[in-house]
Amino acid sequence: METTTAAPISPSLPPTLECRNPATLERLGDVPIFSPEAVRERVKRARRAQQHWGRTTFAERRGVLQSLLDYIVRNQEEICRICSRDSGKTIVDAMMGEIFPVCEKLRYTIAHGEKDLATDKRPSGVLMHKAVRVEYHPLGVVGVLCPWNFPFHNVFCPVIPALMAGNAVVVKVSEWTSWSAADFQAMFDEVLVACGYDKDLVQIITGGAETGQALVQSGVEKIFFTGSPGNGKKVMVAAAETLTPVVLELGGKDPMIICDDADLDQAVGTAMLGVFTACGQMCVAAERLYVFDAVYDEFVRRVGQEARKLRQGPPTEDRGGDFDVGAMTMPRQLEIIERQVADAVHKGARTIAGGKRNAALAGQFWEPTVLIDVDHSMSIVHEETFGPVMTIVRVRDEDEAIRLANDCAYGLGSSVFTKDARRGERIAARISAGMTVINDYGLAYMMQSAPFGGVRISGFGRINGREGLRACCNEKTVVTDKLPIHQGMSFYPIKKATFPLLQNVISMIYGRGISTRINAVAGIARSLWRMR
Ligand code: NAD
């Protein structure tokens, strides 16, 4: 997709974004760029729709989510085609990365959402005469800012918990995958109207960074941003002006450690999946492989052989399974990969598969690449690549693997391959990341009961699981009387005996030793006698 340059945001003459199919460069059409006024208007409409939705029961919300799930299952192939057209990914990648996780999130939320959001009784501590509970109230309108790598999933996955928690949602899709916005809006409209609800509950808007910034500052109650660390910082700055809370799901540079006792068949197969799925355009792609010296040559030989066999082509010609690797969604990403690979090769790395743009194809294609003899002086181990490049570093042992895995500003996912379960646990415990998977990669995302998110520049806050559902709520504490022992008592005016009374209460509750406590009880009795 190409954006029209220098298009001013003007309510009188709405400018547009031009959309292209990245695999063929075919022009798909134009979508509107929402002005700040138009964004505020959409938020206003969402707020109106939320008034009723926020009072619905969990059973009613589940009904809408079940209808969405039924719709997706019925229309899965069409949705895959829409995603492939917009992003250039193969239809198998669309099925695995778009349909599967969205269906699983719907299943989880339908099955567990009510329990996760049920009022939670907590212990009242020393205030034994009181009861305390946490209630999970809707926030109101939630704003979502999406990247381009999963056009369907990136919209649906934040909307599902937001709706379950009783919110309305305004989603701004990426300027690089905007053509599908109208199709996805139509899906929500159809389901919401069929279930008897206002379609303004979920609204998808289009535009670039200015439209995104307008959403951040539109008065929404919370922003869920998924994107690059650089833009995450800008979103945080803009959100600071209105003190709008943000959840930042930023990039990743996931390490994959392959120990000398790894099952190599499994490690090779999973590494291929972790690197080449969705053409590597995944936040939890396996971007850095640390392979132990003892198995390095064999591992490299096998992945080189596998990578050279991969077939690449446009999804428009994919009848299902014709291609292994698709196109790059964003043209700039090709330049980033080109620069990183050139820097690595210049500093001594070698390509044993691919290594350049695929000139045989008209669209934005980078050949499936395997880069070996990589070290930490190269930019490719520090910057996100987000492409079909397997980057392999040779390591001596566990300590070196862990040290290098942690030598990175990102900290999203990670994985380790070993047949020794204790060794796997030991290494996992020392990797600094939001998630570690032993003997697999990226699967933590599919386990919708578990929180997902990063550390350091990979962001903060969590999506998925009860943490993700509760992140869409005002976690409200309510305190009630268990025993009405305060009746008739007044603290004011403060009396001379008040301070020693409090002192003795503190000693009685928190002091050490029986004699301290006995003395404190006597002191309390004296103070109460003086205060009567
Ligand atoms: P991006 O940061 O360029 O854009 C993300 C979204 O934010 C887009 O909709 C964009 O229009 C909008 N935006 C950009 N600047 C903005 C601003 N100043 N204010 C408000 N909105 C703004 O990211 P991208 O290039 O679309 O996506 C790729 C990045 O997303 C990668 O870094 C990738 O790792 C990351 N990502 C992270 C996760 C995760 O869960 N951690 C998932 C997918 C992608």
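The analysis underlying the following values was restricted to heavy atoms, covering all of them including side chains, and did not include hydrogens, waters or symmetry mates.
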Looking only at heavy atoms, what is the nearest atom pair of [X] and [Y], with distance?
X    : Y    : answer
A181 : V173 : CB-CG2, 4.0 Å
G326 : F365 : O-CD2, 3.4 Å
V171 : C146 : CG1-SG, 3.5 Å
T90  : V325 : CG2-C, 3.8 Å
V144 : N154 : CG1-O, 4.4 Å
A286 : V275 : O-CG2, 3.3 Å

Are [X] and [Y] linked by a side-chain donor-acceptor pair shorter than 3.5 Å?
X    : Y    : value
N464 : K105 : yes
E175 : S178 : no
S414 : T436 : yes

Are [X] and [Y] side-chain neighbours, meaning at least one heavy-atom pair lies under 4.5 Å?
X    : Y    : answer
V300 : V370 : no
L28  : R20  : no
S84  : K89  : yes
Y441 : D254 : no
K253 : T385 : yes
P158 : V169 : no
E338 : W366 : yes
I336 : F386 : no

Rounded to the nearest 0.5 Å, how far does [atom2] of [Y] lie from [atom1] of [X]?
X    : Y    : atom1 : atom2 : value
C472 : K222 : SG    : NZ    : 7.0 Å
D93  : E98  : CG    : CD    : 9.0 Å
E287 : I380 : CD    : CD1   : 8.0 Å
I352 : I392 : CD1   : CD1   : 6.0 Å
C195 : E190 : SG    : CD    : 10.0 Å
I438 : L443 : CD1   : CG    : 12.5 Å

Donor-acceptor pair, side chain of [X] and main chain of [Y], under 3.5 angstrom:
X    : Y    : answer
Q203 : R42  : yes
T369 : E367 : yes
Q364 : T329 : yes
E18  : R27  : no
Q76  : V73  : yes
Q50  : V141 : no
N167 : V142 : no
S67  : V191 : no
R470 : D116 : yes
T206 : I33  : no

Looking at [X], I want to see if its [atom1] is surrounded by more than 12 non-hydrogen atoms of other residues, nucleotides or ligands under 6.0 Å.
X    : atom1 : value
R332 : CZ    : no
M96  : CE    : yes
E77  : CD    : no
R462 : CZ    : yes

* Pick out which of S228, P229, C408 makes a side-chain contact (heavy atoms from CB on, under 4.5 Å) with I457. => P229
* List the steps and the verdict of side-chain hydrogen bond (donor to acceptor under 3.5 Å, both in side chains) for Q333 and Q281. => CA-CA 9 Å; Q333 208 63 34; Q281 300 167 106; over 6 Å; no
* Does the pair C157 and I463 meet the rule for a side chain to side chain contact (heavy atoms under 4.5 Å, CB included), with working shown? -> CA-CA 9 Å; C157 272; I463 58 168; over 6 Å; no
* Asked: Do the charged groups of E78 and R81 touch, with an N to O distance under 4.0 Å?
  ->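 Looking at E78 and R81, the cut-off is not met.
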* **E60 bridged to R55 by N-O distance under 4.0 Å** =>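 No salt bridge links E60 with R55.
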* Parallel, tilted or perpendicular, as decided by the 30° and 60° cut-offs, for the rings of F452 and Y445 ->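 It falls in the perpendicular class, over 60°.
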* side chain to side chain contact (heavy atoms under 4.5 Å, CB included) between V170 and V39, intermediate numbers included -> CA-CA 9 Å; V170 177; V39 173; 5.5 Å; no
* Apply salt bridge (charged side-chain N to carboxylate O under 4.0 Å, His left out) to the pair R47 and E221, showing each step before the final yes or no. => CA-CA 10 Å; R47 199 170 293 292; E221 273 71 25; 3.0 Å; yes
* To do: Evaluate the side chain to side chain contact (heavy atoms under 4.5 Å, CB included) criterion for residues R61 and W53: first the C-alpha distance (whole Å), next the side-chain angles of each, then the deciding distance (0.1 Å), finally the verdict.
  => CA-CA 8 Å; R61 295 177 200 168; W53 179 252; 3.4 Å; yes
* Asked: Is there a side chain to side chain contact (heavy atoms under 4.5 Å, CB included) between H52 and D198 once you walk through the steps?
  -> CA-CA 9 Å; H52 172 61; D198 191 334; over 6 Å; no
